[in-house]
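Heads up, the thing below is written out as structure tokens.
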Amino acid sequence: VKARNKSDALLSEGTIKARCIVEPQRRIIGEILFTSQPIAFLQGVDPETGVVSDKKHELYGKPFSGKILVFPNAIGSSVGAYVIYRLKKNHVGPKAMINQNSDIITASGCAISRIPLFDLADSDLGRLREMKYVELLKTGAIRSLAGTENI
Amino acid sequence: LYLTKSEEKAVSGEHGRAVELAYRVLLAIGRLSNAEKLIPIKWAHVSGVSFLTIGDYGLDFLQSISKEKSAKFRVFTTVNPCGMDIENWDRLNIPADYAEKQLKIIGAYEKLGIASSFTCIPFESYKVPVRETHVSWAESSAAIYANSILDLRTNRESAVSALASALTGKTVYSDLHIDENRRPTMAIKVDLGRAIKGSVDYGILGYFAGKCTKGVIQFRGIPSTNGIDESKALCAALGTVGSTGMFTIGNSSNNLETIDFSKKDYEETFENISDSEKGEAVVFGCPQMTIEELYRLSKAVGDKKFKRKCVVFCSSKIYELAKTRGYAEAIEHAGAVFVRDSCADFTPLISSLKVDSVTTDSVKGAHYMKSVHGVKVALKNVESIIEENTA
């Protein structure tokens with residue numbers, strides 16, 4: 001019991017409160033794919049392979065599939081929403097997305113693709129950089145599971 | 001975000017998957033903007049019609065939505081121009097594989113239920129509702145026009161959000177739907193040392209203002225009533241750069257942060273857009289031509305003939321009207337070619353003209369034709385274009 005309490009306390013230190021923009025059906029556990037750079041879905045992402053295709057982007061060549069994609073916001077054409085849909089349809093999309101200041105492109109794209117989307121608004125996206133695995137809850141809580149500075 | 005009982009049922013899928021997805025889009029945007037509720041709208045204007053903009057990805061989604069029996073547009077819905085003249089595409093050098101996909105997009109929209117014209121100036125062809133009516137318009141130039149000239153209430157919607165509004169008859173009650181958000185937050189003081197006049201002047205002003213402001217803009221030092229062509233040019237250029245969804249004209253006593261628009265600003269903005277002295281072809285109609293503009297064009301050409309290729313973009317509805325009044329015949333007699341229901345910027349037609357430069361009176365057109373088709377652009381007012389390109 002003691003051990004469990006301790007681990008709960010550690011977990012709560014590693015919890016970030018977010019807003020659910022597109023809520024998950026159930027809790028989601030996944031590995032973080034982090035970038036501090038915005039993503040242009042149209043022309044910056046290959047929806048057939050599910051990787052960032054822009055060579056100048058720090059996520060260049062890294063697959064989204066099965067990951068929780070963390071980026072500040074989308075930029076570029078609003079057709080980007082349809083690219084997110086295509087990613088999902090091709091089974092190469094991320095499990096969920098977390099933004100700093102989410103936008104209409106990402107929000108509408110995730111909504112039509114049923115990809116859960118969280119928005120941090122108040123806390124710093126950088127806190128997620130050091131986290132490896134996280135759990136996303138329907139309440140909007142993001143909990144670090146391992147590999148954070150707290151554990 | 002508060003949902004009514006029937007909205008909640010729709011979100012849970014009671015009215016089919018398409019309506020459910022549409023509500024999910026509105027919910028997501030509502031949460032993003034901290035909106036309190038959804039409100040009914042009278043008119044949706046949907047963008048994302050040209051295959052050149054939405055591509056296979058958009059086509060894919062539209063087909064999956066329109067396949068559903070229960071998916072129908074629930075309010076009056078107009079759509080943006082598509083990427084070719086629907087009836088004359090083969091005579092206008094549009095590749096067959098492109099045309100096939102474009103026709104599939106149109107088929108999907110038609111199945112959902114749209115007004116007949118493909119137009120970026122829907123207010124020209126269809127009856128505008130009374131002031132303060134809530135609508136949901138994508139196409140930035142039309143949304144800005146709706147708020148600023150027609151006194152309708154709309155945000156600058158995206159292709160997907162306006163589609164969601166069409167499928168549900170609702171929009172998110174936020175931003176420019178709320179009266180207190182419709183007050184100017186910034187002013188632009190226009191002083192060119194001469195009168196501001198015509199689509200080029202107003203386009204340059206819009207391009208300058210869009211780049212240096214956000215929020216509702218108050219223009220000072222310009223006439224309170226403008227020609228429809230001038231307002232259209234201002235709205236289109238504003239929407240091309242920047243995020244503003246509305247402007248006012250006037251001189252309220254409010255202490256607004258004010259930016260000057262001088263002769264020097266005008267010249268710098270002009271040179272930034274117009275990078276050629278002459279164009280090898282003439283393009284009219286970005287946004288599409290109104291009946292009044294076609295009338296004036298027909299008078300301006302008179303008995304003269306175009307020395308270079310000239311293409312004129314307007315909706316099929318306006319074309320039919322222009323035909324009954326004789327304007328279309330006069331313009332065609334001068335050698336110009338009408339392209340109906342298409343967008344001047346997002347059609348392969350411009351590339352297929354095989355020219356390195358075009359002349360146009362549209363700042364928005366100049367911006368997109370340069371970036372989409374890689375041509376150089378000579379920006380000139382309609383009178384000079386006619387003078388230099390006809391004989």
Side-chain angles (χ1 to χ4, degrees), chain A residues 18-25 40-50 53 73-90 92-93 96-122 138-140, chain B residues 1 11-13 17-35 46-65 80 105 138-140 155-165 167 172 174-175 239 243 245 346 368 371-372:
Chain A
R19 291 192 302 162
C20 271
I21 303 297
V22 177
E23 55 187 32
Q25 303 275 14
F41 283 96
L42 186 70
Q43 283 159 1
V45 167
D46 180 353
E48 307 308 320
T49 56
S53 54
N73 58 282
I75 48 170
S77 166
S78 69
V79 176
Y82 290 135
V83 176
I84 295 174
Y85 174 77
R86 185 84 165 205
L87 283 168
K88 172 80 175 203
K89 234 190 137 186
N90 287 336
V92 293
M97 299 193 200
I98 302 173
N99 286 165
Q100 179 78 71
N101 284 304
S102 199
D103 56 276
I104 193 166
I105 304 170
T106 315
S108 54
C110 285
I112 59 174
S113 319
R114 298 174 196 272
I115 296 174
L117 171 66
F118 284 46
D119 183 48
L120 293 187
D122 301 326
K138 283 177 83 165
T139 57
Chain B
L1 188 94
V11 175
S12 68
R17 192 185 136 268
V19 177
E20 179 198 335
L21 281 184
Y23 269 106
R24 287 188 185 280
V25 169
L26 297 181
L27 263 180
I29 295 169
R31 287 172 180 155
L32 209 59
S33 48
N34 292 316
V46 177
S47 67
V49 187
S50 169
F51 180 69
L52 213 55
T53 56
I54 68 169
D56 285 311
Y57 321 134
L59 169 59
D60 198 16
F61 180 71
L62 287 171
Q63 283 190 319
S64 82
I65 289 286
N80 243 11
I105 294 172
E139 173 49 42
S140 57
N155 286 322
R156 264 175 73 166
E157 300 293 345
S158 73
V160 180
S161 67
L163 181 68
S165 286
L167 285 163
V172 174
S174 69
D175 303 305
S243 62
F346 296 102
Y368 282 113
S371 63
V372 178

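Remember, predicted model here, so these are calculated numbers, not experimental data. Note on naming: letters A, B, ... go to the chains in the order of the sequence lines (proteins, then strands), and numbering restarts at 1 for each one.
With A:Arg19 contributing its side chain and B:Arg31 its backbone, the two residues share a donor-acceptor pair below 3.5 Å.
Looking at B:Asn155 and B:Ser174, their side chains come closer than 4.5 Å, going by heavy atoms from C-beta outward. Within the 4.5 Å cutoff, no side-chain heavy atoms of A:Phe41 are placed close to those of A:Ile75.
For B:Ser47, no part lies under 4.5 angstrom from a heavy atom of chain A. With a threshold of 4.5 angstrom between heavy atoms, A:Cys20 approaches chain B through N, CA, C or O but not through any side-chain atom. With a 4.5 Å cut-off on non-hydrogen atoms, B:Leu1 does not touch chain A at all. Proximity to chain B is limited to the side chain of A:Glu48, based on heavy atoms less than 4.5 angstrom apart.
Across all their heavy atoms, B:Arg156 and B:Gly245 have their closest contact at CD-CA, 3.9 Å.
Of the listed residues (A:Ile112, A:Asn101, A:Asp119), the one with the most heavy-atom contacts under 4.5 Å to chain B is A:Ile112. Here B:Ile54 is the residue among B:Ile54, B:Ile29, B:Leu62 with the most heavy-atom pairs under 4.5 Å with chain A. For the options A:Leu42, A:Ile105, A:Val22, A:Ile104, heavy-atom pairs under 4.5 Å to chain B are most numerous at A:Ile104. Ranked by heavy-atom pairs under 4.5 Å with chain A, the list B:Leu21, B:Val25, B:Val160, B:Leu32 is led by B:Leu32. Of the residues considered (A:Ser102, A:Ala81, A:Gly109, A:Ser78), A:Ser102 shows the highest number of contacts with chain B, using heavy-atom pairs under 4.5 Å.
In this structure, the ring pair (Phe, Tyr, Trp, His ring centres under 6.0 Å) partners of A:Tyr82, at least two apart in sequence or on a different chain, are B:Phe61. Residues that satisfy the ring pair (Phe, Tyr, Trp, His ring centres under 6.0 Å) test with B:Phe346, not counting sequence neighbours, are B:Tyr368.
Here OG1 of A:Thr106 is found 5.0 Å from CG of A:Asn99. Values are rounded to the nearest 0.5 Å.
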